[in-house]
Student: 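Following this message is one structure expressed as C-alpha cells.
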Amino acid sequence: MLTKLSVMFAVLLAASAQAREPYLPPSDDTVLSVGPPASDPRVARLGRLRTELAKAPEDPASAAAFAREAIALGRSLGEPRYQGYAQAALEPWAGQPDAPLEIQVLIATLTQHRHEFGQALKMLDSVIEADPTQAQARLSRAVIHNVQGRPQQALQDCRALLLQASALVVASCAASASALSGDARRAYVALGAQLDSAPDADPEVRLWALTLRAEIAERLGLSDTENAYRSALSAHDPQQPDPYLLAAFADFLLAQGRAQEAYDLLLPHARLAVAELRLAIAEKRLGKQGREVVARVETLKQREEEGRLRGDAPELREQAMLRLHVLNQPIPALWLAQENWRSQREPLDALLLLDAAAASGKPEASDPVRVWLAETGLEDVRVESRLAKQAS
Amino acid sequence: MRWAFLCVAWLLPALAQAHKASDSYLRLEVKESLVSGRWDIGLRDLDYALGLDADGDGRLTWGEVRDRQADIQALALSRLTIEADGTLCRTLIESLRIVDLNDGAYAALPFRSTCLAPPRSLSLRYDLLFDLDPQHRGLLRLSFQASRSGVFSPNRRTLEFASGAVANGVAFRQYFTEGLGHIARGLDHWLFLIALLLPAVLRREPGRWVPVESLSQGGLDVLRIVTAFTLAHACTLTLASLGLLRLPTRGVEALVAATIVFAALNNLLPLVRKRLWRLALGFGLIHGAGYASVLADLELPTSTLVISLLAFNLGVEGAQIVIATLFLPLAFLFRRQPWYQWGVVGAGSLAVAGFATLWLIQRTFNLQFGV
C-alpha cells in the first residue's frame, strides 16, 4: 500500500516538479489570491453566522444556519472547501440518529454531494419517516431519485411538496422528474409558464428552474435550447456564473460542434474544475497544442491522483469523460462509464456510456441504456439517435 | 401560507468538484538527527483559519500575508508534532515564502526539527485544519532511509515510520540465521551437497566403488569441496547483491539444476574423478548467482549490506559443515556395505539426477510440475 502511494506520490511530484519552487513575491502589493470581498453580502452573512456559531457550537440552529449558508456560498463559488466548513459545523451531530432533523438533512446533503447516494438516501428516508412535512428532505430525495434514474419515485416526492413549497419549486421538481419519464414536452411548457408567472421568486429557485428548462429543451432537441441556456446564464452575475449551468451550456455547445464558442465561454472561468475538463475537451476538438494545453491535461490527471490519495470517492463520470474525449482511451472510458452507470443515471451518463461503447467497438455495452430508456420512457433525442445509429 | 424556505441552489448533486478540495503538502527529509523539509499550506485555508485579508477586499496580498507571518508559523507549529523514538524533536519554522501550485498560491513554510539522536523510528502527528474542515488532508512525502508517503486525515492524525536500518550486530545474527535457514530450506542445495558428499567416502572405479581408507582422507576431500563451493558462491553472491553482476534469474536457476544433474550423474559415471573441489568451485559460482535474488528481495540498506553478506555466507558455510559433519561419519561407517554403495549412492544419485532433470526442464521452459 505504501509502495503504491509512493509511486503515485512520485508521479504527482514529478508532474509538479517543474515550476514549483517557492519564491519571495516582488512587493507587498502583489496579489496572491483572489476571492469574494468581505463586503459581498453572502460572505458577510457567513462571517456573522460563523461568529455566532463560535459562541455556541452545540446550538443546532446556529450550526444549521451556518452550514446552509456555507453550502450555498460554496456552490455558487464552485469552492468545495465550504462543504468541509459546513461539515465541521455539523460534527457534533455526526453519526447521531436522534440529531435534530434539520441537521440530519444537512448532513444528508453533504453526503449526497460526496456522491454517497445510498447513505444519503438512508438518512433522508429516516428523516421523512420521522416527519413527512420535511420539505427540504423530500426535495433532496427527489433529486437523488432523479440522478439515479428513478423518476417515478422522484415524482412521488415532488407531489408531496404540493402544499409545502412554492409553485415554482413544485413545478421544477415535477418537471425534472417527469421529463425523465416521458412527459418532457408537457413539463417544458408547464415550467415555462411557472417561470413567467413568478418573476420575483427566489433567485436560486429561478436559476434552478431556468437551468432545468434549458436541459429539457436540449433533450427534446428544441430550437429554443440556446436561448434557454443564455437566459438562464443572464439571470445571474455573468462574472460568477453557476458552475453547473456553465458546464451544461458548454456541453451543449460541444455537442453542437461549436468547440470554439465553448472554449471562449469557459476560458474566463478556467479555475473551475468543471470548466477545466471541458476546456481540455474543446482544446482537443480544436486541435490546439502548446504548453498550456498539456499543462491542463496534466492538472486534470493530477487532480485524479490526488483524489485517490485523499481517499475521496472517485468522480467516475468526469474520469470517463477525460479518457473518452481527451486522452483517447475508449476502453478504460467504457469501464468507468459502466461503473458510473451503477450509481448515476442521468441522460448525461447515458450519453457517456453510449459514446464510450461506440468508441470501444462494443455495441453490446449499450444494452443497459436501451433497457433503462424503455423502463423510464425518457425522451432524449441525443440518446435515441445514438441508439438508432447503433441498431443500423 | 408561508412556504417553507427551501434551499434549491445546492440540490444538484451531480456537480463535480469545482475547485480542488483542501490539501496541504508536507515534505520531510531525515538526515542524521535532523528532520527538515517544507510544508505548503493553501493561502485560502490560512485565510479561513486566521483571517489574513486585513482590508477585506477579497484580494490577499503579500503584505497582508507577511504581516501575519508569526501567526501562520505559530499555527503550523501547534499542528505538527515530530517525535523520534518517543522523544519530542524541537521544531523551528523559518520565514515563509510563496509557492504557486495548480489550484492557487500556497504558503511555503521551511522548517527544521532537531532530534536528540538519529531516529530509528519517527512518529508524526498532524492536526492542521481538521477542526475547521474535516475534508482537509495532509499529503506527506518523507525521505527516511527510503521514500515513504502517507495521508493525514481526521481519523488518521498520526503516522509512524521505522528506519529499517538495523544495528550491525543484529544484522549479522539475522543474516547468519538466514544463511543457515537457506541451506536448511533449499532442497536443491541439499541435493547438490548430498550428491557431492555421497561418494566422498568412496572412489568410483569401473564397475565398482572403492572405499577410502581413512576418515581423514574422506573428510579432507569433503572439506575441500565444501569450502571451494562456499568461496565461489560467496564471490558471485556478493557481486550480484551489489548489483555488479546481473544474470537472468531463470537462466541461473536452470544452470543450478544442471549442476545437480551433473554432480549426481558424476557419481554413477565418473565424468570428473580427480579434484572434485574444482567442480565444486565452478558450480559454486553458479549457485551463488542464484542466491542473489534472495538477498535482493530482502531490500537491505546499503550500509548493512557488507555485514549481511558476510553473515549470510558464513551461515551457508556453517550449515554445510554441519550437514557434512553429520553425514560423513555415517557414510564412512557404511562405506563398505553394498547397500550403501549401490543403494544409497547409486540409487540415490539416480534419484537426485531425476529430480534435478525435472527442475531443469521446469526452469528452462517455465513450467510447473508440482515438484
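Residue numbers begin at 1 in each chain, while the letters A, B, ... track the order of the sequences. Because only heavy atoms are used, hydrogens play no part in the values below, and waters and symmetry mates are left out as well, while side chains stay in.
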Student: Please report the shortest heavy-atom distance between B:Ala108 and A:Pro22, naming the atom on each side.
Tutor: CB-CB, 3.8 Å
Student: Can you classify the ring geometry of A:Tyr82 versus B:Tyr48 as parallel (below 30°), tilted (30 to 60°) or perpendicular (above 60°)?
Tutor: perpendicular
Student: Going by salt bridge (Lys or Arg N to Asp or Glu O under 4.0 Å), A:Arg81 matches just one of B:Asp45, B:Asp133, B:Asp23. Which one?
Tutor: B:Asp45
Student: How long is the straight-line distance from CG of B:Asp57 back to CG of A:Asp40, given to the nearest 0.5 Å?
Tutor: 13.0 Å
Student: Please determine whether side chain to side chain contact (heavy atoms under 4.5 Å, CB included) holds for the pair B:Asp100 and A:Tyr23, giving the CA-CA distance in whole Å, both sets of side-chain angles, and the decisive distance to 0.1 Å.
Tutor: CA-CA 9 Å; B:Asp100 287 330; A:Tyr23 63 96; 3.1 Å; yes
Student: For B:Arg59, does the CZ atom have more than 12 heavy-atom neighbours from other residues, nucleotides or ligands under 6.0 Å away?
Tutor: no
Student: Tell me if the CZ atom of A:Arg42 is crowded by more than 12 foreign heavy atoms within 6.0 Å.
Tutor: yes
Student: Would you mind telling me which of A:Ala142, A:Ala248, A:Ala209, A:Ala88 has the largest number of heavy-atom pairs within less than 4.5 Å of chain B?
Tutor: A:Ala88
Student: Please flag which part of A:Leu32 lies under 4.5 Å from any non-hydrogen atom of chain B: side chain, backbone, both or neither.
Tutor: both
Student: For B:Ser153, which atoms come within 4.5 Å of any heavy atom of chain A: side chain, backbone, both, or neither?
Tutor: neither
Student: Count the heavy atoms belonging to other residues, nucleotides or ligands that lie under 6.0 Å from CZ of B:Arg156, then report whether that count exceeds 12.
Tutor: no
Student: Going from CD on A:Glu91 to CG on B:Asp131, what distance comes out if it is rounded to the nearest 0.5 angstrom?
Tutor: 10.5 Å
Student: Please report the C-alpha distance between A:Arg303 and B:Asp103 in whole Å, then the side-chain angles of each, then the deciding distance to 0.1 Å, and finally whether the side chain to side chain contact (heavy atoms under 4.5 Å, CB included) criterion is met.
Tutor: CA-CA 10 Å; A:Arg303 292 266 172 90; B:Asp103 64 319; 4.3 Å; yes
Student: What option among B:Asp67, B:Thr61, B:Leu129, B:Ile98 has the most heavy-atom pairs under 4.5 Å with chain A?
Tutor: B:Ile98
Student: Does A:Glu21 form a side chain to side chain contact (heavy atoms under 4.5 Å, CB included) with B:Val99? I'd like the steps, not just the answer.
Tutor: CA-CA 6 Å; A:Glu21 283 310 304; B:Val99 65; over 6 Å; no
Student: If you look at every heavy atom in B:Ser22 and A:Arg310, which pair is closest and at what distance?
Tutor: O-NH1, 2.8 Å
Student: Is it the backbone or the side chain of A:Ser172 that comes under 4.5 Å from a heavy atom of chain B, or both, or neither?
Tutor: neither
Student: Counting only heavy atoms closer than 4.5 Å, note whether A:Pro36 contacts chain B via side chain, backbone, both or neither.
Tutor: backbone
Student: Between A:Asp312 and B:Gln135, is any pair of side-chain heavy atoms under 4.5 Å apart?
Tutor: no
Student: Take B:Arg137 and A:Glu306, measure what salt bridge (Lys or Arg N to Asp or Glu O under 4.0 Å) needs, and give me the verdict at the end.
Tutor: CA-CA 10 Å; B:Arg137 298 287 181 268; A:Glu306 272 194 15; over 6 Å; no
Student: Measuring only between side-chain heavy atoms, which start at C-beta, is B:Arg44 closer than 4.5 Å to A:Ser33?
Tutor: yes
Student: At their closest point, which heavy atom of B:Leu96 faces which heavy atom of A:Leu24, and how far apart are they?
Tutor: O-CD2, 4.3 Å
Student: Quick check for you: to the nearest 0.5 Å, what is the distance between A:Thr30 atom OG1 and B:Arg66 atom CZ?
Tutor: 10.0 Å
Student: Answer yes or no: is there a side-chain heavy-atom contact under 4.5 Å between A:Arg50 and B:Leu132?
Tutor: yes
